[in-house]
Amino acid sequence: MTYVVTDACIRCKYMDCVEVCPVDCFYEGENMLVINPSECIDCGVCEPECPAEAILPDTEGGLEQWMELNATFSAQWPNITRKGEAPADADEMKAVTGKYEKFFSPEPGTGD
């Protein structure tokens with residue numbers, strides 16, 4: 001089992017999860033984070049830290065798209081181990097639905 005970042009992270013990207021991850025399995029895109037499923041040790045400490053509730057265990061149904069996205073982009077984006085600044089409009093973006101179709105960017109973030 002692993003944890004998965006969903007589209008709730010897009011344009012929120014709070015990064016509280018990065019600070020608590022004991023194995024540094026988060027990777028940074030331009031406007032979201034992903035978890036490398038091969039590195040995640042299923043400890044679960046990241047899930048309650050996410051203000052956007054974007055992190056879910058892969059045992060929940062309907063996460064296939066997000067499991068694939070996390071695996072794909074964790075291989076392409078840089079690793080991030082330190083919390084950075086969340087976007088200025090992150091709190092406003094938490095309530096937005098359909099963020100993948102509207103806002104997802106495959107571009108990498110800056111990482112550490």
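What you are looking at is a predicted structure, and each value in this text was computed from that prediction instead of being measured.
For Glu60, the CD atom counts as densely surrounded, since its 6.0 Å shell holds more than 12 non-hydrogen atoms of other residues, nucleotides or ligands. Residue-environment remark: CD (Glu53) stays at or below the threshold of 12 foreign heavy atoms within 6.0 Å. Around atom CD of Gln65, more than 12 heavy atoms belonging to other residues, nucleotides or ligands sit under 6.0 Å away.
Tyr100 contributes atom OH, which lies 13.0 Å from atom OG1 of Thr6 (distance to the nearest 0.5 angstrom). Here SG of Cys25 is found 10.5 Å from CG of Asp42. Values are rounded to the nearest 0.5 Å. Taken to the nearest 0.5 Å, the CD1 atom of Ile10 stands 8.0 Å off from the CD atom of Glu101. Rounding to the nearest 0.5 Å places CZ of Phe104 at 10.5 Å from SG of Cys9.
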Verdict with supporting geometry, Phe103 and Glu30, side chain to side chain contact (heavy atoms under 4.5 Å, CB included): CA-CA 10 Å; Phe103 306 115; Glu30 180 179 36; over 6 Å; no

CA sep, side-chain torsions, deciding dist, call: Glu39, Tyr27, side-chain hydrogen bond (donor to acceptor under 3.5 Å, both in side chains): CA-CA 11 Å; Glu39 296 173 356; Tyr27 291 79; 2.9 Å; yes

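Residue Pro87 is tested with Glu92, Lys13, Arg11, Met93 for a side chain to side chain contact (heavy atoms under 4.5 Å, CB included); the sole match is Lys13.
Contact of the Val4 side chain with the Asn70 side chain is registered, since non-hydrogen atoms from C-beta on lie closer than 4.5 Å. Asp7 places a side-chain heavy atom less than 4.5 Å from the side chain of Trp66. Here the side chains of Leu69 and Met32 are in contact, with some heavy-atom distance below 4.5 Å. Within the 4.5 Å cutoff, no side-chain heavy atoms of Cys50 are placed close to those of Tyr14. Annotation: side chain of Glu49 is not in contact with side chain of Val45 (no heavy-atom distance under 4.5 Å). Looking at heavy atoms from C-beta onward, Ile55 lies in side-chain contact with Cys17 at the 4.5 angstrom threshold. Contact of the Pro22 side chain with the Cys43 side chain is registered, since non-hydrogen atoms from C-beta on lie closer than 4.5 Å. Using a 4.5 Å heavy-atom cutoff, the side chains of Val34 and Glu28 are not in contact.
Side chain of Asn36 to backbone of Ala71: no donor-acceptor contact under 3.5 angstrom is found. Judged by distance alone, with hydrogens and angles left aside, the side-chain atoms of Glu47 form no donor-acceptor pair with the main-chain N or O of Leu56 at under 3.5 Å. Distance alone, capped at 3.5 Å, places no donor-acceptor pair between the Lys83 side chain and the Val20 backbone. With hydrogens and angles disregarded, no donor-acceptor distance shorter than 3.5 Å links the side chain of Thr2 to the backbone of Cys40. When atom types are taken as modelled, the side chain of Asp112 and the backbone of Thr81 share a donor-acceptor pair closer than 3.5 angstrom.
The shortest non-hydrogen separation linking Ala8 to Cys12 is O-SG, 3.7 Å. Across all their heavy atoms, Cys46 and Ile35 have their closest contact at SG-CD1, 4.4 Å. Listed here is the closest heavy atom pair of Pro106 and Phe73: CB-CE2, 3.7 Å.
Aromatic ring centres of Phe26 and Tyr3: separated by at least 6.0 Å.
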